[in-house]
Amino acid sequence: MSYPLPLTNGGTSGASAPQAPEQVVAGMSSDAVSITTSFDGSEILLYGAVKRETPIPSSSLLQVIATVEGPSRSVTIRRKERRFGIWVNTESVVVGAAPSFYAVATTAPLRLILDPEEDARFRISIPTAMRSFARPLDVEDPVEFTEAMIDMRMAEGSYRLDDGAVTLVDDTLFRADFRLPANLVEGTYKTRIFLLRQGRVIDSYSAPLEVRKVGLERWLYRLAFDQPLVYGLMSLLIAAVAGWGASAAFRALQRE
């Protein structure tokens with residue numbers, strides 16, 4: 001996914017840039033998630049405060065948006081149509097990169113607190129998180145395909161928009177809770193926090209979140225990719241032993 005230059009806690013991309021009047025100071029409950037054989041999801045808490053050198057502005061409301069984004073993958077979206085009594089693939093669109101997981105939490109409805117130009121610049125909302133289409137050559141409206149993919153992933157929980165899920169206390173302290181599903185893709189996730197006033201981003205914060213398989217889960221994962229022949233033979237052996245064991249148990253029960 002394409003982003004602006006990474007921002008520091010003060011929201012600047014260089015030492016010479018002027019500091020924002022309100023700056024994010026934030027952290028996470030954990031900077032790593034371990035996927036084991038019994039992994040059924042995880043909770044991540046983003047929390048922080050707003051650092052100021054001047055009194056809280058009274059001319060506009062402060063809003064906070066937090067996002068968690070999984071590794072991006074190329075996605076092919078196909079349309080199925082019924083032809084001669086059977087369903088077949090017809091048109092297709094390839095999205096250059098779509099997040100495997102994407103969640104957005106806000107202090108108020110996103111459409112009311114975020115200016116479209118800022119959304120396009122920082123790629124905050126779910127539709128803007130999609131990278132440009134790779135091959136929409138013969139499709140009149142490729143946006144229709146991405147909308148269908150977004151609807152599907154929102155239904156399965158991979159994409160989420162939680163309006164009002166960020167708690168903001170006294171325009172200073174905030175927290176956002178994210179539920180990560182069990183089917184996480186391994187890799188480096190991106191967490192971001194944005195401060196906004198009048199629809200404009202005044203400061204932002206970003207930090208990585210590592211999601212890795214550990215223990216037996218990681219060993220099997222690496223074995224399948226590094227030594228597929230050994231993995232396949234081991235799978236066949238386990239299946240044969242399990243089948244023999246079930247057959248022996250069934251025969252023992254019959255004798256009784």
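Please read all numbers here as calculations on a predicted model, not as lab measurements.
With sequence neighbours left out, the salt bridge (Lys or Arg N to Asp or Glu O under 4.0 Å) criterion links Asp162 to Arg160. Residues that satisfy the salt bridge (Lys or Arg N to Asp or Glu O under 4.0 Å) test with Asp177, not counting sequence neighbours, are Arg175. By the side chain to side chain donor-acceptor pair (under 3.5 Å) test, Arg179 is found to be paired with no residue, residues two or more places apart in sequence or in another chain being considered. Judged as a salt bridge (Lys or Arg N to Asp or Glu O under 4.0 Å), and not counting sequence neighbours, the contacts of Asp115 are Arg200. For the side chain to side chain donor-acceptor pair (under 3.5 Å) test, no residue two or more places apart in sequence or in another chain qualifies with Thr167.
The 12-atom threshold is not exceeded at CD of Glu117, counting heavy atoms of other residues, nucleotides or ligands nearer than 6.0 Å.
Residue Val75 is grouped with residue Met154 when hydrophobic side chains (ILVMFWY) are merged at heavy-atom distances under 4.5 angstrom, including chains of intermediate members.
Side-chain atoms of Val64 and Leu195, non-hydrogen and from C-beta on, do get closer than 4.5 Å to each other. Annotation: side chain of Val68 is not in contact with side chain of Met28 (no heavy-atom distance under 4.5 Å). Between Phe101 and Val185, the closest side-chain pair of non-hydrogen atoms is not below 4.5 Å.
When atom types are taken as modelled, the side chain of Thr106 and the backbone of Gly164 share a donor-acceptor pair closer than 3.5 angstrom. Side chain of Asp119 to main chain of Ser125: a donor-acceptor pair is present (N/O by atom type, distance under 3.5 Å, no hydrogens or angles). A donor-acceptor pair is defined here as one N or O able to donate and one able to accept, closer than 3.5 Å; such a pair exists between the side chain of Thr191 and the backbone of Ala207.
Contact detail for Phe174 and Ala26: the closest heavy-atom pair is CZ-CB, 4.3 Å. Contact between Glu186 and Pro71 at its shortest, heavy atoms only, is O-CG, 4.0 Å. Closest heavy-atom contact between Arg212 and Gly187: NH1-CA, 2.9 Å. The two residues Ala176 and Val166 have their closest heavy-atom pair at CB-CG2, 3.8 Å. Contact detail for Leu62 and Asp171: the closest heavy-atom pair is CD2-O, 3.5 Å. Ala129 and Pro99 get closest at one heavy-atom pair: O-CD, 3.8 Å.
Considering CD1 of Ile150 and CG of Leu161, their distance stands at 11.0 Å, rounded to 0.5 Å. Rounding to the nearest 0.5 Å places CD of Gln63 at 9.0 Å from CG of Leu112. Separation of atoms OG (Ser29) and CD1 (Ile44) is listed at 4.5 Å; rounding is to 0.5 Å. The CG atom of Leu209 lies 7.5 Å from the CG atom of Asp31; values are rounded to the nearest 0.5 Å. Rounding to the nearest 0.5 Å gives a distance of 7.5 Å between CD1 of Ile56 and CD of Glu22. If you take OG1 on Thr172 and NZ on Lys51, they are separated by 14.0 Å, rounding to the nearest 0.5 Å.
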Run the numbers on Ile77 and Thr146 for side chain to side chain contact (heavy atoms under 4.5 Å, CB included), then give the verdict. CA-CA 7 Å; Ile77 311 165; Thr146 57; 4.2 Å; yes
Step by step, work out the side-chain hydrogen bond (donor to acceptor under 3.5 Å, both in side chains) result for Ser59 and Arg197. CA-CA 9 Å; Ser59 57; Arg197 284 191 184 275; over 6 Å; no
Could you walk me through whether Tyr189 and Leu184 pass side chain to side chain contact (heavy atoms under 4.5 Å, CB included), step by step? CA-CA 10 Å; Tyr189 286 55; Leu184 288 180; 3.6 Å; yes
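Tyr47 belongs to a hydrophobic cluster with Leu45, counting contacts under 4.5 Å between side-chain heavy atoms of Ile, Leu, Val, Met, Phe, Trp and Tyr, direct or through other members.
Note on ring orientation: taking the six-membered ring where Trp is involved, the planes of Tyr159 and Tyr102 are perpendicular (angle over 60°, cut-offs 30° and 60°).
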